[in-house]
Amino acid sequence: MPSRPRNGAASAPVSATAGTTAGTVVSTAGHGVLGAVAEGRTHGFAVAALFAADGELGRVWRIPRAVVYRELGRLEDAGLVRPVGVETDGPGPDRTVVQLTAAGRRRLHAWLDEPVSRPRDARSALLLKLALLDRSGRDPSALIAAQREVFTARVERLRADAAAAEAGSFEQTLAHWRVSSTQAVLDFLARLAS
């Protein structure tokens, strides 16, 4: 197989448990790419099209083409995807076809089942997980229930913080904002669960 150029930039994880195994950290973008590869043998160009602004997954999470190829290289290095051939027919250069490994499937399923820890990650990682679960035909109920537990506990702590803050202070304003944004995610999850 021809080698691919790789960008040496570091990948930023969503959380400490967002995909570490044997020292490998998989970013949200990397998990998105892993989810696309899980749908069947594919190549970087097709994955990039899914995550483009007008792509089926691009509505939720946009991943630039260069990042898709970088993540595919990292996933291959980690043993989560493997090359299985080269597509030579069609326009453009030859395309390396990859598929998920058993380790890649385990990693993806673990990530899809793990709730996000912060409400700000609901717009990105949680929606991406829900989209990938839908595309794979997997029931999202367990993730939704786990996510509701995480944010129910969080909103209770935030309400206590708001009550303890000095009246009229910015600390109280910030606590109220956090309560409201976390409650909005809980309302969204309740709607999905009904």
Side-chain angles (χ1 to χ4, degrees), residues 7 9-15 17-19 25-76 80-81 87 90-92 95-100 104-105 107-151 154 177-178 180-194:
N7 177 340
S11 229
V14 169
S15 71
T17 59
V25 175
V26 179
S27 66
T28 300
H31 280 104
V33 170
L34 204 56
V37 174
E39 295 179 5
R41 292 178 177 199
T42 191
H43 48 74
F45 189 81
V47 173
L50 279 174
F51 285 102
D54 60 348
E56 293 176 32
L57 291 171
R59 299 178 300 161
V60 174
W61 186 264
R62 291 186 189 139
I63 305 175
R65 183 174 300 161
V67 175
V68 166
Y69 284 103
R70 182 186 70 208
E71 292 299 332
L72 280 170
R74 289 179 176 166
L75 295 170
E76 182 182 342
L80 303 176
V81 301
E87 185 179 281
R95 296 178 176 147
T96 301
V97 177
V98 295
Q99 72 178 24
L100 216 56
R105 189 163 308 284
R107 172 70 68 87
L108 176 63
H109 286 189
W111 180 76
L112 288 172
D113 294 339
E114 179 185 12
V116 300
S117 60
R118 300 173 303 200
R120 68 177 170 215
D121 294 327
R123 169 59 187 95
S124 55
L126 178 60
L127 280 180
L128 179 57
K129 290 177 186 204
L130 292 171
L132 291 171
L133 287 168
D134 181 67
R135 289 174 67 87
S136 69
R138 287 186 57 200
D139 182 1
S141 298
L143 174 62
I144 292 167
Q147 194 62 75
R148 289 177 78 183
E149 284 182 32
V150 168
F151 286 157
R154 184 177 184 92
W177 167 255
R178 290 178 175 161
S180 296
S181 60
T182 304
Q183 187 61 55
V185 176
L186 278 169
D187 294 346
F188 164 72
L189 292 166
R191 182 173 295 239
L192 293 180
S194 62

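Throughout, residue positions are numbered sequentially from 1 according to the sequence presented.
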Which donor-acceptor pairs under 3.5 Å do the side chains of residues 185-194 make with protein atoms, sequence neighbours left out?
{"from": "Asp187", "atom 1": "OD1", "to": "Gln183", "atom 2": "NE2", "distance (Å)": "2.9"}
{"from": "Ser194", "atom 1": "OG", "to": "Arg191", "atom 2": "O", "distance (Å)": "2.9"}

Only distances under 3.5 Å count here; give the side-chain donor-acceptor pairs of residues 45-63 to other protein atoms, sequence neighbours excluded, each with its distance to 0.1 Å.
{"from": "Glu56", "atom 1": "OE1", "to": "Arg135", "atom 2": "NH1", "distance (Å)": "2.5"}
{"from": "Arg59", "atom 1": "NE", "to": "Glu56", "atom 2": "O", "distance (Å)": "3.3"}

Just verifying a value: how many Å separate Leu143 CG and Arg148 CZ, rounded to the nearest 0.5 Å?
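The CZ atom of Arg148 is 12.0 Å from CG of Leu143, to the nearest 0.5 Å.
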Please tell me if the side chains of Leu72 and Val37 come closer than 4.5 Å, counting only heavy atoms from C-beta onward.
yes
Ala36 versus Thr42, closest heavy-atom pair with distance:
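The answer is O-CG2, 4.5 Å.
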As an exercise, state the distance from CD of Glu114 to NE2 of His109, rounded to the nearest 0.5 Å.
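So the gap between those two atoms works out to 14.5 Å.
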Taking all non-hydrogen atoms of both residues, which atom of Val68 and which atom of Gly44 are closest, and how far apart?
CG1-O, 3.7 Å
Check: Thr96 main-chain N/O paired with Glu87 side-chain donor or acceptor under 3.5 Å:
no
Answer whether the closest heavy-atom distance between the side chains of Arg138 and Leu112 falls below 4.5 Å.
yes
Are there over 12 heavy-atom neighbours, none belonging to Arg154, within less than 6.0 Å of that residue's CZ?
yes
Pairwise distance OG1(Thr182) to CZ(Arg120) - rounded to 0.5 angstrom:
11.0 Å
For Asp113, does its backbone N or O pair with a side-chain atom of Lys129 as donor and acceptor, under 3.5 Å?
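The answer is no, because no donor-acceptor pair under 3.5 Å joins these two groups.
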Could you tell me which non-hydrogen atom of His31 sits nearest to which non-hydrogen atom of Leu108, and how far apart they are?
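Heavy atoms only, the tightest pair is O-CD1, 3.9 Å.
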Is there side-chain contact between Leu34 and Leu132, with heavy atoms separated by less than 4.5 Å?
no
Less than 4.5 Å apart, side chain to side chain, heavy atoms only: is that true for Val26 and Arg107?
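They are in contact (side-chain heavy atoms under 4.5 Å apart), so the answer is yes.
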In a check of side chain to side chain contact (heavy atoms under 4.5 Å, CB included) between Asp121 and each of Thr28, Leu126, Val116, Leu127, which one passes?
Val116
A side-chain contact here means heavy atoms from C-beta on lying under 4.5 Å apart; do Asp139 and Leu133 qualify?
no
Kindly indicate whether the side chain of Tyr69, heavy atoms from C-beta on, has any atom under 4.5 Å from the side chain of Val33.
no
Can you find a heavy atom in the side chain of Glu71 that is under 4.5 Å from one in the side chain of Ser27?
yes
So, do Gln99 and Val81 sit near enough that their side-chain heavy atoms are less than 4.5 Å apart?
no
